[in-house]
Structure formats: C-alpha cells, structure tokens
Amino acid sequence: MKIIFLGPPGSGKGTYASRLSPILNVPHISTGDILRENVKRETELGRTASEYMEKGKLVPDKIIISMIKERISQEDCRNGFILDGFPRTINQAKELDRITEIDAVINLAVPEDIIIKRLTARRVCEKCGAIYNILTLKPKEEGICDRCGGRLIQRKDDTEEVIKKRLEVYKETAKPIIEFYENKKKLYDIEINQADASVEEGVERILKVLKSLNEQ
Ligand code: AP5
C-alpha cells in the first residue's frame, strides 16, 4: 500500500506512521527525519535545509522532490510506503502523482491548543528518532529511549514561536493538497478532538480505514 499522512505539525503523523510501518510491512518515510539526519551529518543538503527548518519554513520543492524521488525508487519501497511530511505543497503533490499512484491519504485533524501542548512536550531519541511525550508518552526511564537507550532531546523547531510559524505555513499550504486528493477520492479524514486520546485509538481508526479499502 502507498499511503500518505497529511496533517498539521503535531497531529501524530510520525507517531502513527512508525506504529503502522511494521504492521503493514512497508517503510515509514519521513522527509523531516531525512532532513534532520542530513543536518546532523552536516551534509550540504543539511546545511541548506537547517536555514529553513529552524525558522519553521518549508525547504524548497526542488530539494525535497529529488530527495523523495530517490528514496521511493529504492528496493524496500517496491510493495509500498508510508509518506510522513510529504507532500507539503501542491507542486510536490503533482510531482508525486507523476511518479506513482497513491492508495490512500490519511488526513489528520487535531485542534491547535492540543497541538501546541503536544509539541512543546515532545521528545525524540537523537539516535533512532523514536517519538515520546513527557506528558502522554513517557519513556520507562526519564530522558532515555526505551528502544535503543539513546538520549531524548527536544527538536530545535519545537519552541512555541517556531511551532506557531509551522502552523501558519501549514494553513497557507494545506488546502489545495487536501482538495487535490479529495478530487481523486483518496482522502480519509481522521479527527482527534480530545487531548487525552490514546495513540492506540488513533492507530485502530487508521487501520479500520485501510482495511475497508482492501475489502473494496
Ligand atoms: P516534519 O518533521 O515533517 O514536522 P511537522 O510536519 O511539523 O510534523 P511533526 O513531526 O512536528 O509532527 P507529527 O505530525 O509527526 O507529530 P508526532 O507524531 O511527532 O518537518 C520539519 C521541517 O522539515 C518542516 O518545518 C520543514 O522545514 C521541513 N520539511 C519536512 N518535509 C518537508 C517537505 N515535504 N517540504 C518542505 N519542507 C519540509 O506527534 C507529536 C507529539 O504528540 C508526540 O510527542 C506524540 O507522542 C504526541 N501525542 C500525544 N497524543 C498523541 C496521539 N493520540 N496520537 C499521536 N501522537 C500523540
């Protein structure tokens, strides 16, 4: 299955994609993670991208599109993939459409106040990228990743100021992408309105949508 997770920052794209990837047996491809890995390794791409990421702005389409083309042409994507954080502009959506056909677009909607609470409390493993939350998804040992023992850190763009900018960018760019997939009848909305909604509940709801597609 070729699946896209759309949704504002903090809507749970990475959390759900990382849970569903082993269940569906397809790779979880996060453009944000690929960019952060390049920033960490101080590659040319990383140096260019960090200028945009730290301000909460989108990295230029040209860079992102060639990055994703290269990634989805790899062998492990033969049976499908989950895209998290791509497409982010209508241009990216159209380019993707030229390369491959998508089966489902899961459109996550979460109220803004919940998003800000979630993101300021998010911690990620600097080694394996696993996502935690100091309010709702704590590691067994404070500051340490359950999965690999790596150190948990706060993302540079998870300050309130940058989160607000990222939300603003999302509002400016999301509508045409949503309409694009709505017109193709590929869009499935998942709304989460309670602050204490569990990750498992979200995963179940998404799986139900995907199962119904397989039965069609
Ligand atoms: P990216 O890394 O894609 O960030 P984002 O879209 O802003 O999304 P986040 O990773 O912040 O949130 P998420 O929806 O994955 O939420 P999460 O699962 O972590 O992009 C970063 C930057 O890279 C961009 O600003 C841009 O500069 C650049 N970039 C990336 N892709 C690009 C592209 N295609 N084009 C141009 N530029 C691009 O969950 C959030 C928190 O909520 C976690 O702590 C989680 O534990 C918690 N949580 C609490 N309850 C729940 C629940 N019920 N379900 C899920 N999570 C929950």
Side chain to side chain, Y16 and V199, heavy atoms closer than 4.5 Å: yes
Smallest separation among heavy atoms of P87 and L96, with atom names: CD-CD2, 4.4 Å
Cation-aromatic face contact K184/F180, 6.0 Å, 45 degrees: yes
L6: which of D84, L108, L187, I106 passes side-chain contact (heavy atoms from CB on, under 4.5 Å): L187
Atom pair OG1 (T31) and CG (L83), whose distance is rounded to the nearest 0.5 Å: 8.0 Å
Among N133, I131, V203, side-chain contact (heavy atoms from CB on, under 4.5 Å) partner for T15: I131
Residues E112 and K171 bridged, charged N to O under 4.0 Å: yes
T173 side chain vs T89 backbone, donor-acceptor pair below 3.5 Å: no
Main-chain N/O of S18 paired with S21 side-chain donor or acceptor, under 3.5 Å: no
Closest non-hydrogen atom pair between G12 and R118, with its separation: N-NH1, 4.0 Å
Heavy-atom closest contact (I34 atom, R71 atom, distance): CD1-CG, 4.3 Å
Check: D157 main-chain N/O paired with R166 side-chain donor or acceptor under 3.5 Å: yes
